[in-house]
Amino acid sequence: MKFFFGCTFMSREELADIGVEYPIKLEYYKTKTNEEDVKNINDIKYGIEVIKTSYINEKVNVEKRTIPEIIKDELRIEQILDKLKQNKVTPVSAEYVIEDLLKEY
């Protein structure tokens with residue numbers, strides 16, 4: 001299962017700094033182990049999915065990265081999602097950023 005957490009667009013200034021001339025949207029989702037697949041409700045784990053959509057001329061390019069079953073703590077996964085969204089983390093770097101954030105907890 002996955003649940004929409006939030007969405008952001010990279011600003012024109014941010015895109016100009018990296019030499020990109022097309023809009024980019026980033027979406028963040030909280031994933032969850034299906035309750036039917038676990039024997040004990042305490043075994044449910046949460047993960048993250050990041051989707052980057054680039055609008056290049058008339059083409060749409062979508063990149064996606066899913067990191068399933070990271071931790072059991074739903075509050076912590078939402079804190080991580082919030083950090084990812086605030087810092088506009090893309091699918092390419094999501095796993096590395098999450099590893100660093102987990103070390104902080």
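Side-chain contact between V60 and T53 is present, with heavy atoms from C-beta onward closer than 4.5 Å. The closest side-chain heavy-atom distance from I48 to K30 is not below 4.5 Å. Side-chain atoms of L102 and D100, non-hydrogen and from C-beta on, never get closer than 4.5 Å to each other. I67 is listed as a side-chain neighbour of I98, based on a closest heavy-atom distance under 4.5 Å. Under the 4.5 Å side-chain criterion, counting only non-hydrogen atoms from C-beta, P91 is not in contact with K64.
The SG atom of C7 sits 10.0 Å away from atom CD1 of I51, with the distance rounded to the nearest 0.5 Å. One finds the CD atom of E63 at 6.0 Å from the OG atom of S54 (value rounded to the nearest 0.5 Å). Taken from CZ in F9 to CG in L15, the straight-line distance is 11.0 Å, to the nearest 0.5 Å. To the nearest 0.5 Å, the span separating CD1 on I77 from OG1 on T31 amounts to 7.0 Å. Note: I44 CD1 to K72 NZ = 10.0 Å, rounded to the nearest 0.5 Å. Note: I71 CD1 to I80 CD1 = 4.5 Å, rounded to the nearest 0.5 Å.
With T8 contributing its side chain and K85 its backbone, the two residues share no donor-acceptor pair below 3.5 Å. N57 places no side-chain N or O within 3.5 Å of a backbone atom of K59 that could act as its donor or acceptor partner.
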- Query: Going through the distances and angles, do E69 and T33 end up as a side-chain contact (heavy atoms from CB on, under 4.5 Å)?
  - Reply: CA-CA 7 Å; E69 300 185 352; T33 308; 3.3 Å; yes
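Shown here for P68 and T66, the closest heavy-atom pair between the two residues is CD-O, 3.5 Å. In this structure, L101 and K83 approach most closely via the heavy-atom pair CD1-CB, 4.0 Å. Among all heavy-atom pairs drawn from Y28 and L84, the shortest one is OH-O, 3.4 Å. Of all heavy-atom pairs between Y22 and Y55, the closest is CB-O, 3.2 Å. Nearest heavy-atom pair across I24 and V20 is CD1-CG1, 4.2 Å.
Using a cutoff of 4.0 Å between basic side-chain nitrogens and carboxylate oxygens, E27 and K25 are scored as salt-bridged.
Under a hydrophobic clustering in which Ile, Leu, Val, Met, Phe, Trp and Tyr are joined whenever their side-chain heavy atoms come within less than 4.5 Å, directly or via other members, L26 and I56 fall into the same cluster. Clustering ILVMFWY residues whenever any of their side-chain heavy atoms sit less than 4.5 angstrom apart, transitively, puts V97 in the very cluster that holds I18.
Residue Q86 places its CD atom among more than 12 non-hydrogen atoms of other residues, nucleotides or ligands, all under 6.0 Å distant.
A search for ring-ring contact (aromatic ring centres under 6.0 Å, His included) contacts involving F4 returns Y29, not counting sequence neighbours.
Results of the side-chain hydrogen bond (donor to acceptor under 3.5 Å, both in side chains) test with Y46 over E74, E78, K32 single out E74 as the only residue that passes.
Among residues at least two apart or in separate chains, there is no ring pair (Phe, Tyr, Trp, His ring centres under 6.0 Å) pair with a member in residues 58-101. Identified under the salt bridge (Lys or Arg N to Asp or Glu O under 4.0 Å) test for residues 5-15, with sequence neighbours left out: E14-K88.
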